[in-house]
Amino acid sequence: MYIPEEKIRQVLTYKSLIPAIRQALIDYSAGRVGQPLRQVLRVKDTANKPIGWFAVMPVISGEFMAVKTVTFYPGNASLADRPLHTHLATIELLDRATGQPLAVVDGRLITEMRTAAVSAVAASALAPSAKTLGILGSGVQARGHIDALRHVQPAFLKPGSIRIWSRNPEKSAAIAAELGATASSIEEAAASDVVVTVTSATEPVLHGRWLAPKSLVIAVGAVGPNLRELDDETMRGYLIAESRQGSENESGDVILSGAKVQAEIGEILAGSAPMPPSGRRVFKSLGMAIEDLTGAVQVWHALKHS
């Protein structure tokens with residue numbers, strides 16, 4: 001069974017995905033998931049110019065296995081003849097008991113939604129009383145995060161509660177108008193209760209001096225040991241990771257700042273690690289194969305029984 005994006009969009013919802021992702025994060029931190037670090041190959045064209053990267057992400061959990069292949073080509077968005085998404089992915093879902101392939105699933109929308117769902121899980125646990133949301137970035141993940149976070153925090157539905165900034169003022173203004181948010185300066189967005197960074201930055205764009213004392217920062221961009229979105233002052237907050245191993249090997253924000261992971265979000269959700277003390281909290285999200293498997297299983301079950 002090949003499942004294209006249009007079919008995924010019909011059946012995958014944040015209402016069902018967010019609680020499933022919450023359980024997946026608990027299972028991961030409890031050691032019930034077999035998942036190595038992703039393998040990443042840098043891609044160059046025939047003239048030896050870097051043009052993107054290609055990653056492979058395998059996982060075993062519950063009754064299923066999966067492997068996602070994902071590419072990131074920044075130049076796709078500006079292709080003159082046929083613009084493409086910058087991130088493209090495919091997930092192969094297999095039966096754990098027999099190794100039999102069950103489905104090949106388009107992974108672009110699942111990647112978009114599971115990433116935002118992870119942030120929604122973190123925000124609901126770490127900032128349940130938040131009233132304002134700041135989004136740094138204006139790409140696909142900006143839209144996805146606003147949708148997902150509104151599912152867990154009704155306050156974000158109120159006018160003026162969401163502020164969006166990006167280096168492209170026209171894009172941030174367009175998204176703000178479309179989603180009932182406000183285009184703002186980076187300082188205004190960063191002063192929100194919850195601040196989500198979904199940029200393509202390679203150097204820090206968020207500075208700690210702009211943040212509220214008890215804010216939650218959810219860092220989603222800058223996947224790579226040499227890439228950063230957050231400055232050192234921001235990283236002095238209480239650091240929670242999606243994956244301790246992933247953050248210590250794949251996050252430039254963590255590696256280059258020397259920050260120490262205090263807990264995984266799955267540990268906090270399960271109660272095996274304490275709730276962070278009052279003050280600034282930083283959640284680093286890098287994306288994990290167990291999240292892709294979770295989304296693919298939901299889609300497969302929904303279509304199988306439809």
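Position 1 is the first residue of the sequence; numbering continues from there. Note that this is a predicted model, so its numbers are computed, not measured.
Remark: Glu233 does not engage Arg209 in a salt bridge, criterion side-chain N to carboxylate O under 4.0 Å. For Glu178 and Arg143, the salt-bridge test passes: some basic side-chain N is under 4.0 Å from an acidic carboxylate O. By the 4.0 Å N-to-carboxylate-O rule, Arg244 lies close enough to Glu267 to be salt-bridged with it.
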*Take Asn249 and Gln245, measure what side-chain hydrogen bond (donor to acceptor under 3.5 Å, both in side chains) needs, and give me the verdict at the end.*
CA-CA 6 Å; Asn249 286 273; Gln245 181 191 37; over 6 Å; no

*Take Val104 and Ile91 through the test side chain to side chain contact (heavy atoms under 4.5 Å, CB included) and record every step on the way to the result.*
CA-CA 6 Å; Val104 175; Ile91 303 165; over 6 Å; no

*Please lay out, stage by stage, how Ser16 and Gln298 fare under the test side-chain hydrogen bond (donor to acceptor under 3.5 Å, both in side chains).*
CA-CA 8 Å; Ser16 61; Gln298 287 216 328; 3.2 Å; yes

*So Lys7 and Leu303, side chain to side chain contact (heavy atoms under 4.5 Å, CB included) or not? Walk me through it.*
CA-CA 8 Å; Lys7 286 190 176 181; Leu303 292 175; 4.3 Å; yes

_Worked verdict on Thr86 versus Tyr73 for side-chain hydrogen bond (donor to acceptor under 3.5 Å, both in side chains)_ = CA-CA 5 Å; Thr86 56; Tyr73 280 63; over 6 Å; no

_Lys284 vs Asp253, test: side chain to side chain contact (heavy atoms under 4.5 Å, CB included). Steps then yes/no._
CA-CA 8 Å; Lys284 182 56 193 174; Asp253 283 318; 3.7 Å; yes

*Going through the distances and angles, do Gln35 and Tyr28 end up as a side chain to side chain contact (heavy atoms under 4.5 Å, CB included)?*
CA-CA 9 Å; Gln35 177 186 281; Tyr28 173 80; 3.6 Å; yes

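Using a 4.5 Å cut-off between side-chain heavy atoms of Ile, Leu, Val, Met, Phe, Trp and Tyr, with links allowed through other members, Met57 and Leu17 fall into different hydrophobic clusters. In the hydrophobic clustering of this structure, Phe54 does not group with Leu88; members are Ile, Leu, Val, Met, Phe, Trp, Tyr whose side-chain heavy atoms approach within less than 4.5 Å, directly or through other members. Residues Ile26 and Val33 are members of one and the same hydrophobic cluster, defined by side-chain heavy-atom contacts under 4.5 angstrom among Ile, Leu, Val, Met, Phe, Trp and Tyr. Residues Phe156 and Ile135 fall within the same hydrophobic cluster, defined by Ile, Leu, Val, Met, Phe, Trp and Tyr side chains chained together at heavy-atom separations under 4.5 Å. In this structure, Leu136 is not a member of the same hydrophobic cluster as Leu216, with clusters built from ILVMFWY side-chain heavy atoms closer than 4.5 Å.
Side-chain N or O atoms of Gln23 include none that pairs as donor or acceptor with a backbone N or O of Ala20 at under 3.5 Å. For Glu264 (side chain) and Gly266 (main-chain N/O), no donor-acceptor pair under 3.5 Å exists by modelled atom type. Using modelled atom types, one side-chain atom of Thr199 and one backbone atom of Ala201 make a donor-acceptor pair closer than 3.5 Å. At least one donor-acceptor pair closer than 3.5 Å links the side chain of Gln262 to the backbone N or O of Lys260. A donor-acceptor contact shorter than 3.5 Å links the side chain of Thr111 to the backbone of Gly107. For Asn76 (side chain) and His85 (main-chain N/O), a donor-acceptor pair under 3.5 Å exists by modelled atom type. Side-chain N or O atoms of His301 include none that pairs as donor or acceptor with a backbone N or O of Val297 at under 3.5 Å. A distance-only check finds a donor-acceptor pair linking the side chain of Lys131 to the backbone of Ser129 [under 3.5 Å].
Counting only heavy atoms from C-beta outward, the side chains of Asp106 and Ile8 approach each other to under 4.5 Å. Asp193 places none of its side-chain heavy atoms less than 4.5 Å from the side chain of Lys214. Side-chain contact check for Glu242 versus Met288: some heavy-atom pair is nearer than 4.5 Å. Between Arg163 and Ser192, the closest side-chain pair of non-hydrogen atoms falls below 4.5 Å. Using a 4.5 Å cut-off on side-chain heavy atoms (C-beta onward), Val282 and Met235 make contact. Looking only at side-chain heavy atoms (C-beta outward), Val205 and Glu203 stay at 4.5 Å or farther from each other. Side-chain contact between Ser78 and Pro83 is absent, with no heavy atoms from C-beta onward closer than 4.5 Å. Using a 4.5 Å heavy-atom cutoff, the side chains of Arg228 and Ser257 are in contact.
In this structure, CD1 in Ile218 is found 4.5 Å from OG in Ser119, a value given to the nearest 0.5 Å. One finds the OG atom of Ser251 at 9.0 Å from the CD atom of Glu229 (value rounded to the nearest 0.5 Å). Glu112 CD to Arg108 CZ: the interatomic distance, rounded to the nearest 0.5 Å, is 5.0 Å. With rounding to the nearest 0.5 angstrom, the CG atom of Leu227 is 10.0 Å from the CD1 atom of Ile255. One finds the NZ atom of Lys171 at 7.0 Å from the OG atom of Ser166 (value rounded to the nearest 0.5 Å). If you take CE on Met113 and CG on Asp147, they are separated by 7.0 Å, rounding to the nearest 0.5 Å.
Counting all heavy atoms, side chain and backbone alike, Leu206 lies closest to Ala190 at CD1-CB, 3.6 Å. Contact between Gly208 and Arg280 at its shortest, heavy atoms only, is O-NH2, 3.4 Å. Closest of all the heavy-atom pairs between Ile265 and Ala122 is CD1-CA, 4.2 Å. Ile164 and Gly137 get closest at one heavy-atom pair: CG2-O, 3.8 Å. Nearest approach of Ala103 to Trp300, heavy atoms of both residues: CB-CD1, 3.8 Å. Shortest non-hydrogen contact noted between Pro58 and Ala289 is O-CB, 3.7 Å.
Judged as a salt bridge (Lys or Arg N to Asp or Glu O under 4.0 Å), the pairs with a partner in residues 114-125 (not counting sequence neighbours) are, in order, Arg114-Glu291, Arg114-Asp292. For residues 87-103, no residue pair satisfies the salt bridge (Lys or Arg N to Asp or Glu O under 4.0 Å) rule, not counting sequence neighbours.
In this pair, Phe72 and Trp53 present their aromatic rings tilted. The plane angle is within the 30 to 60° band. The aromatic rings of His207 and Trp210 sit perpendicular to each other, their planes meeting at more than 60°, with 30° as the lower class boundary.
Residue Val223 belongs to a hydrophobic cluster whose other members are Leu286, with links defined by side-chain heavy atoms closer than 4.5 Å.
Open room surrounds CD on Glu63; 12 or fewer heavy atoms of other groups in view lie less than 6.0 Å from it.
Screening Met1, Glu5, Glu6 against Ile3 for a side chain to side chain contact (heavy atoms under 4.5 Å, CB included) leaves a single residue, Met1.
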